[in-house]
Amino acid sequence: LNRIKASGLKLRFCTNETQATREKFVKKLQGMGFDISVTEVTAPAPAACRILKERSLRPHLLVHNDLVPEFAEIDKANPNCVVIGDAAENFTYANLNEAFRVLIGMEKPVLISLGRGRYYKETDGLKLDVGAYMKALEYACDVQAEVVGKPAKAFFESALAEMGVPPQEAIMIGDDIVNDVGGAQRCGMRALQVRTGKYRPCDENHPHVKPDAYVNNLAEAVDIILQQL
């Protein structure tokens with residue numbers, strides 16, 4: 001990352017992280033030695049807050065406890081929508097059922113999901129992501145969720161707008177074939193798939209998404225990008 005910054009290229013971290021505020025997320029990365037600031041992070045919760053304010057929506061939150069501070073300035077009384085994120089341990093039957101009751105009680109249900117990932121990787125293995133629970137509520141309430149976060153086009157576009165860069169001049173590096181690579185390519189960007197993180201060998205036979213290149217790790221991705229300059 002230091003090499004990218006030294007080269008003068010603009011950099012944005014597009015994350016579907018919804019288990020922590022951006023501040024906490026950045027502190028974690030800084031602790032690992034990454035030179036990163038909150039202003040360089042595009043995340044679903046602040047993007048959702050913009051939508052909620054624009055449309056005068058009051059959310060019932062089904063999110064991780066650590067994410068709640070991102071919604072501090074949003075009116076949550078008498079909810080007229082549901083916002084779902086990666087709530088992890090908060091994905092109990094009771095909490096899902098409560099969100100279901102809020103939605104099913106609306107004339108026109110509004111479900112906003114902070115991503116639609118199927119699973120992600122932690123140090124102790126793969127874990128179910130928000131998309132699985134989003135689908136449950138979609139099915140139960142016969143509603144289509146509005147996705148904020150990767151792979152939504154508007155999410156990538158807001159990151160590009162923040163950098164002032166057109167899509168054809170940007171490249172996405174990610175480990176998720178659908179949400180990172182597919183989402184970026186649909187936006188007109190090029191995308192590299194890293195063979196680390198949640199990558200699985202079967203990704204290379206994906207029926208719809210073909211990365212512009214595969215790289216073994218982030219350092220190799222940076223090598224390729226800097227060679228193009």
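No experiment lies behind these values; they were computed from the predicted model shown.
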Roughly how far, to the nearest 0.5 Å, is the CD1 atom of Ile4 from the CG atom of Asp35? 12.0 Å
Donor-acceptor check, side chain of Thr18 to backbone of Gly85, threshold 3.5 angstrom: yes or no? no
Quick one: do Glu122 and Lys198 make a salt bridge, cutoff under 4.0 Å? no
Are any of the side-chain nitrogens in Arg12 or Glu162 under 4.0 Å away from the carboxylate oxygens of its partner? yes
Quick check: is Val178 connected to Val148 through a chain of hydrophobic side chains (ILVMFWY, heavy atoms under 4.5 Å apart)? no
Transitively linked via ILVMFWY side-chain contacts under 4.5 Å: Ile225 with Phe13? yes
Side-chain donor/acceptor of Glu157 to backbone N/O of Leu160, under 3.5 Å: no
Do Ile112 and Ile84 make a side-chain contact, defined as non-hydrogen atoms from C-beta onward lying under 4.5 Å apart? no
Side-chain contact test, heavy atoms from C-beta onward, threshold under 4.5 Å: evaluate it for Leu61 versus Phe71 and give yes or no. yes
Identify whether the distance between the nearest side-chain nitrogen and carboxylate oxygen of Glu17 and Arg22 falls below 4.0 Å. no
Counting only heavy atoms not in Lys28 (residues, nucleotides, ligands), do more than 12 fall under 6.0 Å from its NZ? no
side-chain contact (heavy atoms from CB on, under 4.5 Å) assessment of Leu128 paired with Tyr133: CA-CA 9 Å; Leu128 275 176; Tyr133 300 95; 3.6 Å; yes
Give a yes or no on whether the backbone of Ala87 and the side-chain of Gln19 come within a donor-acceptor separation of less than 3.5 Å. no
So, do Arg200 and Lys121 sit near enough that their side-chain heavy atoms are less than 4.5 Å apart? no
Under 4.0 Å between a Lys/Arg side-chain N and an Asp/Glu carboxylate O for Glu146 and Arg55? yes
Is the backbone of Ile177 close enough, under 3.5 Å, to the side chain of Asp203 for a donor and an acceptor to pair up by distance? no
With a 4.5 Å limit on heavy-atom distance, are the side chains of Leu218 and Thr196 in contact? no
Answer whether the closest heavy-atom distance between the side chains of Pro201 and Arg195 falls below 4.5 Å. no
Tell me if a side-chain donor or acceptor on Asp175 pairs with a main-chain N or O of Tyr199 at a distance below 3.5 Å. no
Would you compute the distance between atom CG of Asp129 and atom CG of Asp176 and round it to the nearest 0.5 angstrom? 9.0 Å
Would the number of heavy atoms belonging to other residues, nucleotides or ligands and lying under 6.0 Å from NZ of Lys5 be above 12? yes
Honestly curious: do Val165 and Ile171 fall in one hydrophobic cluster under the side-chain, below-4.5 Å linking rule? no
Strictly distance-based, threshold 3.5 Å: is any side-chain N or O of Lys76 a donor or acceptor partner for the main-chain N or O of Ile74? yes
Are Lys24 and Asp66 close enough for a salt bridge, meaning some N to O gap below 4.0 Å? yes
Look up atom CD in Gln144 and atom CD in Glu138, then write down how far apart they are to the nearest 0.5 Å. 5.5 Å
Flag side-chain contact, heavy atom, 4.5 Å: Val130 against Arg116: no
Using a 3.5 Å distance criterion without hydrogens, assess whether the side chain of Asp75 forms a donor-acceptor pair with backbone atoms of Arg58. no
With heavy-atom distances below 4.5 Å as the criterion, would you say the side chains of Asn65 and Leu67 are in contact? no
Are Arg3 and Asp223 within salt-bridge range, i.e. N to O under 4.0 Å? yes
Are any side-chain N or O atoms of Asp212 and backbone N or O atoms of Ala191, one a donor and one an acceptor, separated by less than 3.5 Å? yes
Measuring only between side-chain heavy atoms, which start at C-beta, is Pro59 closer than 4.5 Å to Cys81? yes
